[in-house]
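Beneath this line is the structure, given in C-alpha cells, with notes to follow.
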Protein chains: 4
Amino acid sequence: MPISVDKVAKRQDIIRCAADVFSRTGYHATKIQEIANAAGIGKGTVYEYFRTKEELFLAVYDAWMSAYEAVIESRVAAATDPISKVDAIRDSAVEFYQSRAEQAPLLLEFWAHALRTSNPAFLARVNRTRHFLRDLGADLARQLVEAGWFADMDAAAFAQLETGISDGIFLAWVLEQRSFPLDKAYTFRQSMIGLGLLTPEARLALGDRLAGKLKRGF
Amino acid sequence: MPISVDKVAKRQDIIRCAADVFSRTGYHATKIQEIANAAGIGKGTVYEYFRTKEELFLAVYDAWMSAYEAVIESRVAAATDPISKVDAIRDSAVEFYQSRAEQAPLLLEFWAHALRTSNPAFLARVNRTRHFLRDLGADLARQLVEAGWFADMDAAAFAQLETGISDGIFLAWVLEQRSFPLDKAYTFRQSMIGLGLLTPEARLALGDRLAGKLKRGF
Amino acid sequence: MPISVDKVAKRQDIIRCAADVFSRTGYHATKIQEIANAAGIGKGTVYEYFRTKEELFLAVYDAWMSAYEAVIESRVAAATDPISKVDAIRDSAVEFYQSRAEQAPLLLEFWAHALRTSNPAFLARVNRTRHFLRDLGADLARQLVEAGWFADMDAAAFAQLETGISDGIFLAWVLEQRSFPLDKAYTFRQSMIGLGLLTPEARLALGDRLAGKLKRGF
Amino acid sequence: MPISVDKVAKRQDIIRCAADVFSRTGYHATKIQEIANAAGIGKGTVYEYFRTKEELFLAVYDAWMSAYEAVIESRVAAATDPISKVDAIRDSAVEFYQSRAEQAPLLLEFWAHALRTSNPAFLARVNRTRHFLRDLGADLARQLVEAGWFADMDAAAFAQLETGISDGIFLAWVLEQRSFPLDKAYTFRQSMIGLGLLTPEARLALGDRLAGKLKRGF
DNA sequence: AATGAATGAGGTTTCATTCAT
DNA sequence: AATGAATGAAACCTCATTCAT
C-alpha cells in the first residue's frame, strides 16, 4: 500500500512550517507546540510524521539542500558551455544564500549539531551536498583545463576548496550583517580565481576585464 | 580597591574549564554543574564570577579569540617584510584552527548564538576579530601593491573576502572530518590568490612555483 | 469547543489540594511538587491548569471567598427581616472563620501578597468580598434605620468599619490562639454596637438584654 | 564586661536599615546583602549581630512595637483623667498606624510568620503588645465604669475585643488603599462604642454629640 | 489518523549561611 | 570585629515525548 499523497503533502507542509519557526526561533528555543500551531495541527500529530524533533530538524535541512541541488542541477543542464555552467552555479549559490539569509543561524546550528550528534545521518546529509558541489566543480574545472581556459591543476582539490570558500563568504556576509552585496563579492572572488588559473592565452583575452573587477571591489 | 590577582586567576581558571566542557558537550547540553565540577568549585561559585551561562560562553570565546589575535600580532611584528607577514598570518591561522579542531562545533554554536541573541556584545566580539584581520590584511595587501608584487586592486574588499574564506576553509575541513591537511589547503589557496594578483613582472619570477603548487593539490 | 467537565473538575481538585498544602506549609514554603503529590498528579500537570504558583494562590483564595460570599448570599436571602439577615451574616462569618482557623496564616499571607504584588488582581479580589460585605451591611443598616430600630447615621461608613472590625476580631482570635469563643465575641460586639445605635424606643425594648450580654462577657 | 555602646548602636542601626528594606521589599524577597548595603557594612557583619534572617525580622518587629508601647505609656501617664487617657491611646494608635502605613504588609507577614514558625518567640512578642494594650484598656474601662460614665460590663472582654478591632480598622484602611481618613474612622468607632456603653446619665450629657458624629460618618 | 492531556527529568539561578583571613 | 568568597540546597517552570481516546 503506497503512502497516500495526503500523507506526503502533509509531511511537507509540516516541514515548511517547521522551517519557518526553526529559522525564526532557533532549534533549541523552538517548541514542537509552536510548529504544530504554525501548521494548524495538534502537537501529537507532528509525532505521527516525525519520530523526534531532531528528525524534523534533519528533514528541514534536507528539504532546503535538496531544493538547492535541484536548482543547480537544472540550471547547469540548461547551460551549454563550461563557462556558463560555472556562472549558473555561482548565480544559483548567490540566490540560494540570499534567499536563506534569515535562515543562516539555523544552518550554523545544523552544522554544529551535525558535528556533535552521534547520529551519522546529519553529517552525511551535510556532505552529500558538499560532494555534489565538489564533483560538479571538479568536472567543470577539468573541462576548462581541457578547453585551454585554465592552466593545469588539481581539479579535485580546487573544487573541494571552492565549496568551503563559498560557505565562508556566506558566513562573512551574514556575520557582518549583510553589509556588502553578496553577488558582487562572489563576482570579485570569481575574478580573482580566474586570474589565478587562466592560461597565458586566456589571460590575454580576459585578463583586463577580470583585473578591472578586482580594482573595482564590491 | 583593585580586584585581587587571585580573583582574576580563578576567573581565568573557570574560563579554561568551561572551554573544555563546552567544547566537549556543546553550549546547550553543558550544565553549569559540570563546569563547576571540572573547576573543582561549587556551582554557586561560578555565578560569583559570571552572571549567566551566556556571559561565560562569551568569556570563553573572547579568551580564544584574544589569544588568537595576540599570536598573530606578535608574529606579524616579528616578521620583517610584507610577504613574510602574510606567511605569519597564514601559519598562525592554520595553527589556531588545528588546535581548535575539537572546538569547531562550539565556534559554530557561538556564531549562531551571536546572530540570534539580542545581546549585541556577541556579534560585536565576533566582528572585532574579523575587523582586526581585515584591517591587517588590507594593510598588507596595499603594501604588496605598492611594492610591485600585486597588481592594483581594492585591498579592503580583498581582505574582507579573505577573512571569510579563511573561516570557510576551516569549516570545510571540519565538516569533512579533517580528511585533508589543513596547512596544504591554505597553501593551495594562497598560491591561487597569488597567481591571480601578481603583476606580470612578479609572475615571471614566481608564477611557475605557484602553478606547480596548484598542480600538486593537497 | 467548551472546556470539558473533567477539566473543570480537575482544576477544582487541584485548588482543593493546593489549599490544603498552602495552609499547612505556607505560600513560600510550599513546593509545587507537594501540591502535585497531594493531588495525585505530576508536577507538570499543575502547570497545565495554572500558569504560575501565584495564579494558583489566587485561585485558592478566590475559591474560599466565593464560597463565603455564596453562603452569606443564600442565608441572607433565606432570612425574612433585616434583623435576622444581620444575624445570618454574623453566623455565616463565625462559621466561616471557625472553619478557616487553620488557614488564617494563609489569609494573612494572601493579604500581604496582595499589598505587595504589582498584579492588581490580588487586591481586587480581596476588595471584591469587602465591598460585597460593605454594600450588604450598608443596605441592612439603612433598613434598620428606616424601620426605627437604629438611630440615623452614616450607613456606608458604619458598614465599611464593620467589615474591617470583623477581620480584626478574627485576627485577634487567631493570634491569641483561639483562647476565647469566637461566636461569643461576635455576639458581644453586636450587643455593643446595638446599644450604641438603637433609638431610644428600641432601647426600651432591647436595651436590657444587650446590656446583660455585655456584663456577661465571653 | 558590658557590651560596648558601639555594639548596641550598630545593632540598632542594622535594625533600622533592615526595617527599611524589609518594608520596601517584603521579608522573603529581601536579601541580607541588601540590608548590609543599606547599613554600609559587609554581609558577614550582619551575622555578627543576628544569628539568622528570622532573628533580624523579629528584632525589627520588636523595635517597632516597643516604641509604640513606650509612646502610649508616656502619653497615658501624661493624661490626668480616664477619658483623656483613652483619647491618648486612640491618638497614639492613629499616629502609629499612619506612620506605619508603608510597613503594613510587613506587619501582616510578621503575624503570618508568627503563626507559622515553631519558634514561640514570635507569637509571644506579638501578644506582649496585645496584652499590654488589653490590660491598659481593661483598667481604663473599669475606671470609667466606676466613675459612672460606662454601664457595668465585662471590662476584660471589652478590652480584648477592642485590641482586635483596632487592628481590623487598620487592616481595612490598608487593604482599601487608605481611601478613608484613619483618624475619622477611629473617632467614628469610638462614638459608637461610647453610645453603647454610656450610662443613661452620661448619655444625657454626651449622647447628642456622639450621635452627631455617627450621622456625619467619615 | 489526530489529538492534547499528562508527565517528570532537567537546568539555571538565587541566597542564607559559613568561615578563613 | 569585619569581611566577602565560597557553597549547595532548593524550586520554579519548561517541554519533548507518550498514549488513551
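Throughout, protein chains are lettered first and strands after them, A, B, ... in sequence-line order, and every chain is numbered starting at 1.
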Quiz prompt | Side-chain (D:D62) to main-chain (D:R125) donor-acceptor, under 3.5 angstrom | solution = no
Practice problem: Starting at the 5' end of nucleotides 13-21 of chain E, put B wherever the base has a protein heavy atom under 4.0 Å, S where only the sugar-phosphate does, and a dash everywhere else. | Solution: BBSSBB---
Quiz item: What nucleotide among E:dT3, F:dA1, E:dA2 has an atom nearest to a side-chain atom of A:I41?
Solution: E:dT3
Self-check item: Polar side-chain atom of A:T45 near backbone of A:I41 as donor-acceptor pair, under 3.5 Å
Solution: no
Quiz item: Quick one: CG on A:L115 to CD on B:Q103, what's the gap to the nearest 0.5 Å?
Solution: 12.5 Å
Quiz item: Over how many whole Å does the gap from C:N37 atom CG to E:dG8 atom P extend?
Solution: 10 Å
Exercise. Using atom CG of C:L56 as one end and atom P of F:dA11 as the other, report the distance to the nearest whole Å.
Key: 16 Å
Self-check item: Interface residues of residues 13-20 of chain B with DNA chain F (non-hydrogen, below 4.0 angstrom)
Solution: none
Could you pull out every donor-acceptor pair under 3.5 Å between side chains of residues 106-114 of chain D and any protein atom, sequence neighbours left out?
unit_1	atom_1	unit_2	atom_2	d
D:E109	OE1	D:Y27	N	2.8
D:E109	OE2	C:R116	NE	3.2
D:E109	OE2	C:R116	NH2	2.9
D:W111	NE1	D:Y61	OH	3.2
D:H113	NE2	D:E54	OE2	2.7

Practice problem: Kindly say whether C:A9 contributes a backbone atom to a donor-acceptor pair with the side chain of C:Q12 at under 3.5 angstrom? | Solution: no
Practice problem: Could you pull out all residues at least two apart from A:R16 that satisfy side-chain contact (heavy atoms from CB on, under 4.5 Å)? | Solution: A:D13
Practice problem: Of all the heavy-atom pairs spanning D:P105 and D:A101, show the shortest one and how long it is. | Solution: CD-O, 4.2 Å
Practice problem: Evaluate side chain to side chain contact (heavy atoms under 4.5 Å, CB included) for B:Y49 paired with B:L56, printing each intermediate quantity in order. | Solution: CA-CA 9 Å; B:Y49 292 82; B:L56 180 51; over 6 Å; no
Self-check item: Bracket notation of DNA chain F in which parentheses pair within the strand, [ ] cross earlier pairs, and | pairs with another strand (Watson-Crick or G-U, under 3.5 Å)
Solution: .||||||||||||||||||||
Self-check item: Under the ring-ring contact (aromatic ring centres under 6.0 Å, His included) test, residues paired with D:Y47 that sit two or more places apart
Solution: none
Exercise. Whole angstrom is fine here: how far is it from CD in C:E34 over to P in F:dA10?
Key: 11 Å
Self-check item: Separation of atom CZ in C:F50 from atom C1' in F:dC12, rounded to whole Å
Solution: 16 Å
Exercise. Look at all strands and tell whether C:Y49 reaches a base, only sugar-phosphate, or nothing, counting heavy atoms closer than 4.0 Å.
Key: sugar-phosphate
Quiz item: Is a side-chain N or O of A:K53 found less than 3.5 angstrom from the main chain of A:T30, in a donor-acceptor match?
Solution: yes
Quiz item: Which one, E:dA5, E:dA2, F:dA5, comes nearest to the side chain of A:T45?
Solution: E:dA2
Practice problem: Identify the two heavy atoms, one from D:A38 and one from D:C17, that lie closest to each other, and give their separation to 0.1 Å. | Solution: O-SG, 3.7 Å
Quiz item: Counting only side-chain N and O atoms of B:K7, is one of them less than 4.0 Å from OP1 or OP2 of F:dA5?
Solution: yes
